[in-house]
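Structure first, commentary second.
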4 protein chains.
Amino acid sequence: MTATAPRPARTPRGARTRARLLEAAEHVFETVGYHEASIVKITEEAGVALGTFYVHFSGKKEIFDEVVGDLSHRVRQAMSEASSAVPDRIGAERAGFRAFFRFTAEHPALYRIIRQAEFVSPEAMQAHYANIVDGYAAGLAAARGRGDIRPVDPTVAAWALMGAGELIGMRWILWEQAADIPEDVYEALMDVVQGALAPTTRTAGPSLPSATTTDTRPDL
Amino acid sequence: MTATAPRPARTPRGARTRARLLEAAEHVFETVGYHEASIVKITEEAGVALGTFYVHFSGKKEIFDEVVGDLSHRVRQAMSEASSAVPDRIGAERAGFRAFFRFTAEHPALYRIIRQAEFVSPEAMQAHYANIVDGYAAGLAAARGRGDIRPVDPTVAAWALMGAGELIGMRWILWEQAADIPEDVYEALMDVVQGALAPTTRTAGPSLPSATTTDTRPDL
Amino acid sequence: MTATAPRPARTPRGARTRARLLEAAEHVFETVGYHEASIVKITEEAGVALGTFYVHFSGKKEIFDEVVGDLSHRVRQAMSEASSAVPDRIGAERAGFRAFFRFTAEHPALYRIIRQAEFVSPEAMQAHYANIVDGYAAGLAAARGRGDIRPVDPTVAAWALMGAGELIGMRWILWEQAADIPEDVYEALMDVVQGALAPTTRTAGPSLPSATTTDTRPDL
Amino acid sequence: MTATAPRPARTPRGARTRARLLEAAEHVFETVGYHEASIVKITEEAGVALGTFYVHFSGKKEIFDEVVGDLSHRVRQAMSEASSAVPDRIGAERAGFRAFFRFTAEHPALYRIIRQAEFVSPEAMQAHYANIVDGYAAGLAAARGRGDIRPVDPTVAAWALMGAGELIGMRWILWEQAADIPEDVYEALMDVVQGALAPTTRTAGPSLPSATTTDTRPDL
DNA sequence: TATGAATGAGACTTCATTCAT
DNA sequence: TATGAATGAAGTCTCATTCAT
């Protein structure tokens with residue numbers, strides 16, 4: 001995810017300092033965003049001298065990429081752990097979104113950082129989204145194979161539903177600075193998600209065939 | 001939307017200069033983002049002297065807000081025009097998304113700017129999203145009243161589907177620098193959207209209670 | 001000589017400030033050398049704000065090149081004026097060296113700066129020496145054509161004698177911080193120079209074949 | 001030459017490390033000059049840890065002085081060996097210049113370093129030149145005593161001819177990055193040098209009185 | 001001796017904004 | 001209105017040197 005592998009600290013003391021810097025950076029980025037974040041602020045928060053920063057990182061972008069990679073990894077972990085604990089697809093879906101919202105509430109940093117990353121570190125941002133989608137789409141594809149969900153295109157559906165979750169989280173957690181998503185909003189979203197995925201008996205139209213996106217030409 | 005109403009230009013020459021600056025600013029913001037955009041770049045692109053900028057705008061944030069407001073207004077206009085031209089809900093839905101993707105392809109600025117605005121001008125960003133949702137949710141509420149769609153919560157559905165469209169646009173238009181969304185992706189997304197909204201006969205699953213969020217966010 | 005043409009000041013005030021900066025830079029470079037010279041020192045000496053520097057110059061190297069170009073031009077002017085006022089070659093030679101030493105005594109900057117320029121701005125340094133040699137070699141070639149001097153290779157002789165003058169100036173003006181070169185040193189040097197150039201009847205020694213360089217290096 | 005005598009290494013390992021550092025420093029100084037040379041670069045090139053540097057040297061200037069002293073010593077050795085192998089003065093002259101140019105071609109470091117040393121370590125630079133001149137002037141004085149050359153002032157002549165050689169070497173070896181001086185240039189220079197020194201019967205002009213510099217620089 | 005993390009002064013540069021013309 | 005010179009705070013980064021291990 002990061003272009004250059006993180007320098008390994010060669011000393012326990014070094015490792016400790018490096019970790020303190022990362023922690024401080026996450027906090028500063030979360031609070032004031034990438035551009036307002038200065039190395040001075042980060043080192044002050046970490047309680048080390050300015051020059052020490054450059055012993056461990058080559059610059060602001062490098063530590064940013066590492067923070068993003070970290071957060072991205074953690075949110076993926078949280079989501080996949082949660083959803084894989086539930087056997088049925090709908091349940092897994094609910095658990096995954098639940099985990100995502102929890103993580104968002106506890107680490108608003110991810111949100112605020114990712115949305116800034118477009119001009120700062122497009123690679124990091126694209127990797128973040130792509131990694132999440134990969135796991136999500138794989139789950140959807142499997143579910144589709146089992147007939148648990150409608151034959152939607154897994155990749156497109158994954159991007160679409162991730163986008164849905166993202167804006168809902170932004171609106172009801174970040175903007176409200178809430179500790180979690182309101183239950184009714186969560187259920188309303190699940191209703192939409194379930195509608196999008198659940199196998200249905202359509203009142204009209206042929207049941208969609210097809211697997212890959214290209215040949216999928218949904219009617220309507 | 002903007003805190004201070006835009007200064008009206010006193011003379012035709014002034015109005016022309018002001019317009020040139022706005023145009024230049026939109027281009028610069030789109031190209032390099034808010035933070036890399038400097039007043040010097042904007043004035044150079046507009047072909048006016050540096051000092052002239054401050055004759056027309058109080059600062060960088062002011063012109064940014066105005067550019068965002070502009071773009072936001074235009075995308076809303078494009079979407080509502082497109083969807084209101086179609087009578088049935090599904091058709092309106094398709095037309096609205098279509099217009100959104102078109103606009104995105106033609107004005108990547110909106111995307112790139114909005115996602116930066118969080119730390120620069122949260123009001124502008126929230127206004128942008130809220131305004132779009134307002135119109136969207138109103139349409140959904142009306143459709144629901146007519147029985148054209150399932151009884152989803154209009155506000156939550158609007159945020160969710162806007163999010164879906166946003167990420168799909170980011171992935172397949174911005175990242176690919178495409179001139180429009182690929183047809184198969186568009187249809188795959190429409191399939192998801194339709195699944196989320198279309199009235200169905202469920203084969204299984206608890207009929208989720210219609211969310212009670214409506215009081216939180218007055219839809220309309 | 002300078003790669004990029006100097007920005008023309010578009011205002012009398014601007015021109016004044018620019019000149020003040022150049023003057024200050026010459027003094028600072030002379031005093032502490034290129035590397036110890038900081039923009040801060042230059043602007044302080046010029047009595048302008050730090051940022052003002054960058055209104056007129058793109059950086060330290062740019063102003064350095066301009067200062068070098070200036071000094072180089074002035075010393076050439078001084079030398080050619082002096083030597084062209086004297087008809088005979090030996091007299092011209094003496095006058096040229098005299099002018100060079102005078103200039104050196106009055107503007108030690110040139111010396112100290114040029115010898116630093118190798119790593120800083122090789123182009124500027126090479127241009128300086130090459131320009132001096134050009135004029136010098138042309139004079140020697142003409143004198144040779146008239147039979148005023150021995151048939152030495154004008155270019156090689158010009159570089160050699162310039163080198164001789166340079167070290168003599170360094171040793172007896174710069175190192176001694178003298179106001180001018182000691183008369184006896186001057187005469188002793190002139191003796192050497194005259195020996196090198198004056199037409200002679202050799203009493204002994206193999207009459208060296210007139211160097212074979214002449215064909216290789218077109219002597220003007 | 002150097003203010004503080006070089007610390008003797010206490011152990012064989014220490015001596016090896018010290019030598020590695022000196023070698024690395026010579027290379028780094030030659031490549032990027034004094035100011036761009038950093039202790040980090042030197043230690044990296046030497047393959048030792050940063051802190052190790054200060055075990056052997058007190059700082060950057062100290063190692064610089066030692067490198068300069070080394071090179072200066074080696075070039076003097078090369079020149080005196082070469083010239084002392086030839087009995088007649090003109091032959092010795094030619095051999096000395098030849099050796100100087102050879103050394104220059106093989107160790108451009110000397111050149112580049114010395115010309116930087118003015119602001120870094122004037123003592124080292126002055127010592128370098130003075131040492132060379134001492135030997136050179138002594139040789140000239142002896143030759144003059146034997147009547148091998150004209151009665152020029154030995155010290156002034158030594159400085160002058162050293163300057164001549166220096167610029168010729170700079171122009172045709174350093175700037176051209178040549179492996180040696182072109183033969184024709186060498187001969188043309190020797191022609192000039194011989195003209196300057198060789199005993200002659202002047203066809204015209206007063207035979208200049210031997211300069212009175214002798215008090216300044218005792219010849220012998 | 002050797003190591004490498006830590007330090008902090010100081011350098012360069014940018015840029016939003018002011019102001020006299 | 002328009003101009004462009006002037007300002008100076010703030011930011012990033014380097015690097016010689018110290019020090020604990």
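Below, read A as the first sequence line, B as the second, and so on, with proteins coming before strands; counting in each chain starts at 1.
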- Measure the shortest side-chain to side-chain distance between D:V32 and C:F119 over non-hydrogen atoms and say whether it is less than 4.5 angstrom. no

- Message: Does the Lys NZ or Arg CZ of B:R112 fall within the cation-pi geometry relative to B:F29 - under 6.0 Å from the ring centre and within 45° of the axis?
- Response: no

- Pairing annotation in dot-bracket form, given for DNA chain E with Watson-Crick or G-U pairs under 3.5 Å and | for cross-strand partners: .||||||||||||||||||||

- Task: Verify, without hydrogens or angle tests, whether B:T31 (side chain) and B:H27 (backbone) share a donor-acceptor contact under 3.5 angstrom.
- Result: yes

- Query: Atom CD of B:E44 and atom C1' of F:dT3: how far apart are they, to the nearest Å?
  - Reply: 14 Å

- Let me know which of B:H56, B:E66, B:E23 forms a side-chain hydrogen bond (donor to acceptor under 3.5 Å, both in side chains) with B:R18. B:E66

- Message: Taking only side-chain N and O atoms of B:T11, does any of them lie within less than 4.0 angstrom of OP1 or OP2 on F:dT1?
- Response: yes

- A:T17 has a side chain; which of F:dA6, E:dA2, E:dA5 sits nearest to it? E:dA5

- Return yes if some donor-acceptor pair links the side-chain N/O of C:E62 with the main-chain N/O of C:S58 below 3.5 Å, else return no. yes

- Grab the NE2-P distance between C:H56 and E:dT13 for me, whole Å please. 16 Å

- Rounded off to whole Å, could you give me the CD-to-C1' distance for the D:E36 and E:dA11 pair? 12 Å

- Audit row: C:E26, C:R74, salt bridge (charged side-chain N to carboxylate O under 4.0 Å, His left out) steps and yes/no: CA-CA 13 Å; C:E26 181 179 328; C:R74 279 148 65 193; 3.4 Å; yes

- Task: Would you kindly give the CD1-to-C1' distance between C:I42 and E:dA11, to the nearest whole Å?
- Result: 12 Å

- Quickly work out the D:L21 CG to E:dT1 P distance and round it to whole Å. 13 Å

- side chain to side chain contact (heavy atoms under 4.5 Å, CB included) between B:L21 and B:F57, worked out: CA-CA 9 Å; B:L21 282 167; B:F57 300 94; 3.9 Å; yes

- Item | Under 4.0 Å protein heavy-atom contacts per nucleotide of nucleotides 16-21 of chain E, with B for base, S for backbone only and - for none | SBB---

- Message: So does D:A24 get a backbone contact from the side chain of D:E45, meaning a donor-acceptor N/O pair under 3.5 Å?
- Response: no

- Task: Kindly state each residue pair satisfying side chain to side chain donor-acceptor pair (under 3.5 Å) with at least one member in residues 35-44 of chain D, sequence neighbours excluded.
- Result: C:H35-D:H35

- Message: Here's a test of your reading of the structure: between D:G47 and C:T52, which maps to the more 5' nucleotide of DNA chain E?
- Response: D:G47

